[in-house]
Engineer: 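Quick one: structure below, then a few questions.
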Amino acid sequence: MNIIFQDNGNYLDEWMSALKRTLPQANVRVWQEGDNAAADYAIVWKPLASMLSGRPDLRAIFSRGAGVDGILQSGAALPQGVPVVRLTDAGMGVQMAEYVAHAVLTYFRRFDVYQNQAKEKNWKTFPPKNRAQFPIGVLGLGVLGQRIIQALQHFDFPVNGWSRHAKELASVATFSGRENLSAFLQASQVLVCILPLTDDTRGILNREVLSLLPQGAYVINVARGAHVVEEDLLSLIQEGHLAGATLDVFSQEPLPITHPFWSEPRITLTPHIAAITMIEESAEQIAGKMAALTRGEPVNGVVDMLRGY
Ligand code: NDP
Ligand code: OXD
């Protein structure tokens, strides 16, 4: 079995040894520009179009992340009928749960305010917020969205969820489709975005949509930077409609040093680390999915090319 692996400059040795362990029979080679030799599988993250274009020999393309926008939007003429398979959880769910719970609790319990006060030796308390009046809205009810919700429910927050198709989830007020987005937003004091980036969701968090959140709402984006119209988010914070935001992803990464987000104190930034790909778990998942596909069995995370996720 021949596998081409795209090196994006991160953790190549770790990936190679994990793949050697999980796929001992495979010949894994690092793809170089101009390498058109046959391959059964490709393992990629934001590949060059030339790596995947015109390769009818491939049996599947595996993403090294949960998102596949970097593959579908790479400009590659993907071989017809070849499945694109994403990571499903693979150790990212718990990290997302930690990240979002941390951001929500920091804002809800004012830990950031108290931390700043402590630097000034300032002993001042604020009244508690009412949890029942602090519903959290999660955009995206897939693998990661549901794991986030599980963590938030642990702290007894009321949760709203929005997805493309109607869903029933225990103790979650669910909404689906664009026609119900306004009702979902109006009912959410914190907005968490964990959607895939597709033609339907690009720029979804724009002025019109974010203005539907209640006055003083808080935004957490752990999905993709291009979900947010950044100047709209910033101006809604500066105008006081939104209380602030925690952002892990940006339309340009690394975030340029001149970007105004850096100097807005109501925005907390992290460098796309909300859920980091766990190499060992991911290599095991990919190997398991290759074996299942070879046996003709269905696997989780096969991308629907029409939906784009
Ligand atoms: P899933 O495919 O499991 O879930 C996607 C969810 O989004 C589904 O509930 C789907 O609805 C919903 N959705 C998609 N399109 C629409 C739409 N147009 N309108 C309403 N709902 C929509 O994905 P994951 O949970 O595994 O991952 C989500 C994203 O998280 C990834 O695509 C990636 O971009 C991001 N991510 C970010 C990371 C980080 O470190 N910042 C790390 C890992 C992932 P339905 O259920 O009806 O199909
Ligand atoms: C992913 C990511 O999609 O890390 O997995 O962003």
Side-chain angles (χ1 to χ4, degrees), residues 8 10-11 43-47 62-74 84-100 102-103 137-151 159-169 172 174-185 191-205 209 220-228 246-251 253-255 268-279 281-282 285-286 299-309:
N8 64 348
N10 284 323
Y11 306 114
I43 303 177
V44 300
W45 172 252
K46 296 190 184 165
F62 286 89
S63 168
R64 295 209 299 274
V68 289
D69 45 296
I71 301 173
L72 304 195
Q73 295 159 29
S74 65
V84 174
V85 187
R86 61 191 198 82
L87 290 178
T88 41
D89 194 325
M92 286 186 273
V94 68
Q95 297 177 66
M96 275 297 177
E98 288 166 346
Y99 186 101
V100 173
H102 178 267
V138 179
L139 287 168
L141 300 177
V143 175
L144 301 177
Q146 292 194 36
R147 186 64 186 80
I148 289 169
I149 288 174
Q150 193 192 334
V159 178
N160 303 317
W162 186 72
S163 55
R164 195 157 176 255
H165 309 95
K167 273 199 168 50
E168 274 186 37
L169 297 175
V172 179
T174 51
F175 301 75
S176 59
R178 281 282 175 152
E179 62 282 17
N180 294 308
L181 183 58
S182 314
F184 162 85
L185 292 163
L191 183 69
V192 179
C193 178
I194 183 69
L195 290 166
L197 183 65
T198 65
D199 290 346
D200 284 341
T201 64
R202 183 179 299 278
I204 187 168
L205 300 183
V209 165
I220 299 170
N221 186 20
V222 284
R224 289 289 182 263
H227 285 124
V228 174
T246 292
L247 306 173
D248 182 54
V249 284
F250 305 91
S251 55
E253 295 178 3
L255 187 65
T268 299
L269 306 179
T270 50
H272 199 143
I273 49 73
I276 296 168
T277 296
M278 306 301 285
I279 295 173
E281 280 168 85
S282 303
Q285 186 177 109
I286 290 170
V299 297
N300 290 332
V302 174
V303 173
D304 178 327
M305 302 303 258
L306 288 178
R307 289 187 325 192
Y309 68 97

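Remember, predicted model here, so these are calculated numbers, not experimental data. Order of appearance sets the numbers: ligands from 1, and atoms from 1 within every ligand.
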Engineer: Grab the two heavy atoms, one from L72 and one from M305, that are nearest each other, plus how far apart they are.
Structural biologist: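 Looking at all heavy atoms of both residues, the closest pair is CD2-CE, 3.8 Å.
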Engineer: Quick test: of every protein heavy atom, which one is nearest to atom 37 (C) of ligand 1, and how far off is it to 0.1 Å?
Structural biologist: V222 O, 3.1 Å
Engineer: Looking at atom 5 (C) of ligand 1, what's its closest protein heavy atom, distance included?
Structural biologist: P196 CD, 3.6 Å
Engineer: Heavy-atom contacts with D200 under 4.0 Å: which atoms of ligand 1 show up? List them by number with element.
Structural biologist: 18 (N)
Engineer: Could you tell me the separation between the CD atom of E281 and the CD1 atom of I286, rounded to the nearest 0.5 Å?
Structural biologist: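 Reported to 0.5 Å precision, the distance equals 12.0 Å.
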Engineer: With a heavy-atom distance limit of 4.0 Å, tell me whether L144 approaches ligand 1 through its side chain, its backbone, both, or neither.
Structural biologist: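 Both of them.
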Engineer: Within less than 4.0 angstrom of ligand 2, does R86 place any heavy atom?
Structural biologist: no
Engineer: Would you say L141 has any N or O atom under 3.5 Å from an N or O of ligand 1, going by distance alone?
Structural biologist: yes
Engineer: With distance as the sole criterion, is a donor-acceptor pair present between the side chains of Y99 and T270 under 3.5 Å?
Structural biologist: yes
Engineer: So is A223 close enough to ligand 1, meaning a heavy atom under 4.0 angstrom away?
Structural biologist: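 A heavy atom of A223 does come that close to ligand 1.
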Engineer: Please identify which atoms of ligand 2 are closer than 4.0 Å to at least one heavy atom of W45.
Structural biologist: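 Matching atoms, with element in brackets: 1 (C), 2 (C), 3 (O), 6 (O).
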Engineer: Side chain of Q73, backbone of L197: donor and acceptor closer than 3.5 Å?
Structural biologist: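 Checked: pair present.
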Engineer: How far apart are the C-alpha atoms of V143 and R86, what are their side-chain angles, what is the distance that settles it, and do they pass the side-chain contact (heavy atoms from CB on, under 4.5 Å) test?
Structural biologist: CA-CA 11 Å; V143 175; R86 61 191 198 82; 3.8 Å; yes
Engineer: Could you tell me whether L197 approaches ligand 1 through its side chain, its backbone, both or neither, with non-hydrogen atoms closer than 4.0 Å?
Structural biologist: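 The answer is neither; L197 stays 4.0 Å or more away.
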Engineer: Looking only at protein heavy atoms, which one is nearest to atom 46 (O) of ligand 1, and how far off is it?
Structural biologist: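 The closest one turns out to be K167 NZ, 2.4 Å.
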Engineer: Does T277 use its side chain to pair, donor to acceptor, with the backbone of I279 at less than 3.5 Å?
Structural biologist: no
Engineer: Could you check which of R202, R147, R224 puts a non-hydrogen atom nearest to atom 34 (O) of ligand 1?
Structural biologist: R224
Engineer: Would you find a donor on one side and an acceptor on the other, under 3.5 Å apart, between the side chain of W162 and the backbone of V138?
Structural biologist: no
Engineer: Tell me if a side-chain donor or acceptor on T88 pairs with a main-chain N or O of N300 at a distance below 3.5 Å.
Structural biologist: no
Engineer: May I ask you to check if ligand 1 and D248 share an N or O to N or O distance below 3.5 Å?
Structural biologist: yes
Engineer: Which of the numbered atoms in ligand 2 are under 4.0 angstrom from any heavy atom belonging to R224?
Structural biologist: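 Once the distances to R224 are compared, the set is 1 (C), 2 (C), 3 (O), 6 (O).
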Engineer: Run the numbers for me: atoms of ligand 2, each under 4.0 Å from some heavy atom of M92, listed by number.
Structural biologist: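 Listed by number with element, the hits are 5 (O).
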Engineer: Please identify which atoms of ligand 2 are closer than 4.0 Å to at least one heavy atom of G67.
Structural biologist: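 Ligand 2 atoms under the 4.0 Å threshold to G67: 1 (C), 3 (O), 5 (O).
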Engineer: Can you tell me if M96 has a non-hydrogen atom under 4.0 Å from ligand 1?
Structural biologist: yes
Engineer: Report yes or no: does a heavy atom of Q95 sit under 4.0 Å from some atom of ligand 1?
Structural biologist: no
Engineer: Looking only at heavy atoms, what is the nearest atom pair of P47 and S74, with distance?
Structural biologist: O-CB, 3.5 Å
Engineer: Please state which protein non-hydrogen atom is closest to atom 2 (O) of ligand 1 and give its distance, to 0.1 Å?
Structural biologist: R86 NH2, 3.3 Å
Engineer: What do you reckon, does A274 put a non-hydrogen atom under 4.0 Å from ligand 2?
Structural biologist: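 A274 does not count as a contact of ligand 2 under the 4.0 Å cut-off.
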Engineer: Under 4.0 Å, heavy-atom basis, I'd like to know which part of V143 is in contact with ligand 1: side chain, backbone, both or neither.
Structural biologist: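 It is both parts that get close, each with some atom under 4.0 Å.
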Engineer: With heavy-atom distances below 4.0 Å as the criterion, list the atoms of ligand 2 near G65.
Structural biologist: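 Under 4.0 Å from G65, ligand 2 has these atoms: 1 (C), 5 (O).
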Engineer: Where is the nearest protein heavy atom to atom 30 (O) of ligand 1: which residue, which atom, and how far?
Structural biologist: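 Looking at atom 30 (O) of ligand 1, the protein heavy atom closest to it is I194 CD1, 3.2 Å.
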Engineer: For a side chain to side chain contact (heavy atoms under 4.5 Å, CB included) with H227, tell me which candidate from V222, L139, I204, I194 qualifies.
Structural biologist: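 It is I204, the one option of V222, L139, I204, I194 that forms the side chain to side chain contact (heavy atoms under 4.5 Å, CB included) with H227.
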Engineer: Below 3.5 Å, N or O to N or O, backbone or side chain included: is there any such pair between L87 and ligand 1?
Structural biologist: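 It does not: no N or O of L87 is found under 3.5 Å from an N or O of ligand 1.
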Engineer: For V44 and N8: C-alpha separation, side-chain torsions, deciding distance, then whether side-chain contact (heavy atoms from CB on, under 4.5 Å) applies.
Structural biologist: CA-CA 9 Å; V44 300; N8 64 348; over 6 Å; no
Engineer: May I ask you to identify the nearest protein heavy atom to atom 29 (C) of ligand 1, giving residue, atom name and distance to one decimal place in Å?
Structural biologist: L195 O, 3.7 Å
Engineer: Is there a donor-acceptor pair closer than 3.5 Å between any side-chain N or O of T174 and the backbone N or O of K167?
Structural biologist: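 Present.
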Engineer: What protein heavy atom sits nearest atom 15 (N) of ligand 1, and how far off is it?
Structural biologist: Y309 CE2, 3.6 Å
Engineer: Please lay out, stage by stage, how F62 and I71 fare under the test side-chain contact (heavy atoms from CB on, under 4.5 Å).
Structural biologist: CA-CA 10 Å; F62 286 89; I71 301 173; over 6 Å; no
Engineer: Is the backbone of G91 close enough, under 3.5 Å, to the side chain of Q95 for a donor and an acceptor to pair up by distance?
Structural biologist: yes
Engineer: Give me the nearest non-hydrogen protein atom to atom 6 (O) of ligand 2 as residue plus atom name, then the distance to 0.1 Å.
Structural biologist: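 Of the protein heavy atoms, H272 NE2, 2.7 Å lies nearest.
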Engineer: If you measure from each non-hydrogen atom of T198 to ligand 1, which part falls under 4.0 Å: side chain, backbone, both or neither?
Structural biologist: neither
Engineer: Specify the protein heavy atom at minimum distance from atom 1 (C) of ligand 2: its residue, its atom name, and the distance to 0.1 Å.
Structural biologist: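 The closest one turns out to be A66 N, 3.4 Å.
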Engineer: Just by modelled atom types, is the P254 backbone N or O under 3.5 Å from a matching donor or acceptor in the H272 side chain?
Structural biologist: no
Engineer: To the nearest 0.1 Å, how far is atom 21 (N) of ligand 1 from its closest protein heavy atom, and which atom is that?
Structural biologist: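 Answer, as residue, atom name and distance: R164 N, 3.0 Å.
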Engineer: R224 and side-chain hydrogen bond (donor to acceptor under 3.5 Å, both in side chains): which partner among T201, D69, T198?
Structural biologist: D69
Engineer: Just wondering, more than 12 heavy atoms not from D304 lying within 6.0 Å of its CG?
Structural biologist: yes
Engineer: Please name the pair of heavy atoms, one in V303 and one in G308, separated by the smallest distance, quoted to 0.1 Å.
Structural biologist: CG1-C, 4.3 Å
Engineer: Yes or no on side-chain contact (heavy atoms from CB on, under 4.5 Å) for Y11 and R64, after CA distance, side-chain angles and deciding distance?
Structural biologist: CA-CA 12 Å; Y11 306 114; R64 295 209 299 274; over 6 Å; no
Engineer: Could you say whether the N/O atoms of W162 and ligand 1 ever approach to under 3.5 Å?
Structural biologist: no
Engineer: Run the numbers for me: atoms of ligand 2, each under 4.0 Å from some heavy atom of A275, listed by number.
Structural biologist: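 Within the 4.0 Å cut-off of A275, ligand 2 contributes 4 (O).
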Engineer: Has ligand 1 got any nitrogen or oxygen that is less than 3.5 angstrom from a nitrogen or oxygen of G142?
Structural biologist: yes
Engineer: Taking 4.0 Å as the limit for heavy-atom contacts, which would you say applies to R178 with ligand 1: side chain only, backbone only, both, or neither?
Structural biologist: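 Near ligand 1, R178 shows nothing, with every heavy atom at 4.0 Å or more.
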Engineer: Using a 4.0 Å heavy-atom cut-off, which part of H165 comes near ligand 1: side chain, backbone, both, or neither?
Structural biologist: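 Answer for H165: both.
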